Protein chains: 2
Amino acid sequence: MLTHSQIWRGVDRLAERTGLSPSGLARQAGLDPTTFNPSKRISADGTKLRWPSTESIAKALAAARLGFEDFAALAAGAAGGRSVPLIGFAQAGSHGYFDDAGFPVGAGWEEVRFPGVDDEDAYALEIAGDSMAPVYRDGDRIVVAPHAAPRRGDRVVVKTRSGEVMAKELGRVTNQSVELVSLNPAYDNRVLDTADIVWMARIVWASQ
Amino acid sequence: MLTHSQIWRGVDRLAERTGLSPSGLARQAGLDPTTFNPSKRISADGTKLRWPSTESIAKALAAARLGFEDFAALAAGAAGGRSVPLIGFAQAGSHGYFDDAGFPVGAGWEEVRFPGVDDEDAYALEIAGDSMAPVYRDGDRIVVAPHAAPRRGDRVVVKTRSGEVMAKELGRVTNQSVELVSLNPAYDNRVLDTADIVWMARIVWASQ
DNA sequence: CTTGGAAAAGGAAAATAGTCCTGCTATGCA
DNA sequence: TGCATAGCAGGACTATTTTCCTTTTCCAAG
């Protein structure tokens with residue numbers, strides 16, 4: 001289902017998100033500034049609805065650097081949610097996939113959409129192996145938000161200076177050290193020096 | 001980003017999903033059967049791309065009874081994922097929200113989209129209270145798939161004949177009884193008679 | 001092989017969206 | 001206050017899409 005008001009709301013929200021007015025968005029997209037004018041959303045005599053063309057939508061999306069799925073979410077009205085890239089957990093440890101701040105770099109990953117994830121730099125990891133069982137099993141996918149400030153009891157993904165990437169539950173945190181409680185009882189808890197932690201990201205979703 | 005090939009792929013997949021050809025879909029939508037013809041996707045001289053109008057897309061979606069977000073998912077190419085309704089866990093126990101087979105009834109819930117959920121009748125629940133801690137905390141959201149066959153070790157939501165709705169881990173299953181392992185150690189495990197279980201749905205995603 | 005139906009190609013007319021233009025209003029700046 | 005700029009309304013014109021028409025291709029049933 002797609003209604004006339006939905007599609008125009010999508011356009012308005014797209015403009016708002018980009019920090020522009022509807023006419024500003026149109027200009028940015030290389031269209032006539034009046035294309036998205038409220039006065040062009042119904043016919044002159046007021047009897048017929050006017051719809052934007054898909055080509056105009058496509059140009060506006062290119063200008064706003066937003067995906068079609070995200071636009072659909074804006075139009076449908078439901079708030080929140082973002083497309084996040086998905087990579088394998090094993091790869092997460094290797095060089096080249098993350099910058100120093102814990103954000104994934106590069107592209108070409110499968111994109112999946114998640115509700116309630118507003119972190120611009122959120123991404124998904126796929127679990128390999130059973131070292132984190134029973135909480136996370138082989139093949140499970142977790143979505144992590146690097147910008148969220150994790151609190152005690154939250155589950156987090158941590159990358160250390162030595163290049164290790166691991167999922168743990170956050171324990172006691174002091175100025176000098178961070179306690180990481182193992183999710184698998186067979187593995188010991190660890191206490192890392194704050195300086196040894198390259199980045200730490202909170203896990204916000206997990207497949208079961 | 002929305003490309004010419006994407007939007008037409010979306011139309012083709014929409015038709016396929018509905019069990020129709022592109023021209024059949026157009027007819028069903030009350031449009032001219034040639035509207036979605038491959039020959040109308042580029043100009044006659046082959047130099048210009050032709051795009052379907054938003055209004056035609058809207059009519060096709062109405063005919064196929066599909067939401068705009070789902071269409072965007074089809075167009076973007078990423079497979080899987082569905083819109084699922086969200087309700088509070090407390091309401092889940094009360095009458096009127098679920099039919100006898102465990103499917104949510106009624107509408108008006110907030111819709112959220114999930115990847116990897118192909119179950120037509122999947123829905124999301126919001127956890128209230130800490131009776132399922134530490135695995136599920138107050139405010140967490142879980143996505144359940146009623147059609148998925150749960151196996152031992154899976155986390156499930158169960159509704160009993162007495163109207164109770166609870167989230168547990170599936171234990172030993174026999175012909176007569178089902179063992180449910182409590183997620184919170186403070187609560188006892190339970191063994192239910194198979195006849196007392198109205199429905200059981202597997203938990204596929206959980207916010208952390 | 002023939003035949004009926006659906007799908008699609010191709011082209012001209014009709015409908016609709018974008019563009020270009022003018023004018024009005026609100027806002028920010030000197 | 002005066003001025004420049006952005007946003008929007010309204011109207012005429014242009015470009016594109018849909019519709020309507022005929023013809024061709026494809027496929028399955030007889």
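In this text the structure is predicted, and so the values were computed from the model without any measurement. We name chains A, B, ... by the order of the sequence lines, and we start the count at 1 in each one.
- Atom-to-atom, CD1 of A/Ile42 to P of C/dA17 comes out at 12 Å; the value is rounded to the nearest Å.
- Put simply, CG on A/Asp12 is 13 Å from P on D/dG7, counting in whole angstrom units.
- Following rounding to the nearest Å, A/Asn37 (CG) and C/dC21 (P) show an atom-to-atom distance of 16 Å.
- Without hydrogens or angle criteria, B/Thr194 side chain to B/Ser177 main chain gives a donor-acceptor distance under 3.5 Å.
- Set against D/dC8, C/dA8, C/dA17, the side chain of B/Ser21 has C/dA8 as its closest nucleotide.
- Side-chain N/O atoms of A/Thr34 include none lying less than 4.0 angstrom from OP1 or OP2 on D/dG7.
- In this model, a side-chain donor or acceptor of B/Lys40 finds a partner on the base of D/dT19 within 3.5 Å.
- For A/Ser23 and D/dC8, the shortest distance from a side-chain N or O to OP1 or OP2 is below 4.0 Å.
- Spacing between atom CG of A/Asp32 and atom P of D/dA12 amounts to 17 Å, rounded to whole angstrom units.
- When each of B/Glu55 and B/Gly24 is assigned the nucleotide of DNA chain C with its nearest heavy atom, B/Gly24 is the one assigned upstream, toward the 5' end.
- The aromatic rings of B/Phe71 and B/Phe68 lie parallel to each other, with less than 30° between the two planes, well short of the 60° mark.
- Interatomic distance, NZ of B/Lys40 versus CG of B/Asn37, reported as 6.5 Å (0.5 Å rounding).
- In this structure, B/Arg27 reaches the sugar-phosphate backbone alone: every heavy-atom distance under 4.0 Å involves primed, P, OP1 or OP2 atoms, never a base.
- Residue-level contact check: A/Pro33 touches neither bases nor backbone, having no heavy atom under 4.0 Å from any strand.
- One finds no side-chain N or O of A/Ser53 lying less than 4.0 angstrom from the OP1 or OP2 phosphate oxygen of D/dT16.
- Side-chain nitrogen and oxygen atoms of B/Arg50 include at least one within less than 4.0 Å of the OP1 or OP2 phosphate oxygen of D/dT17.
- B/Ser56 comes within contact range of the sugar-phosphate backbone alone, with a heavy-atom separation under 4.0 Å but no base atom that close.
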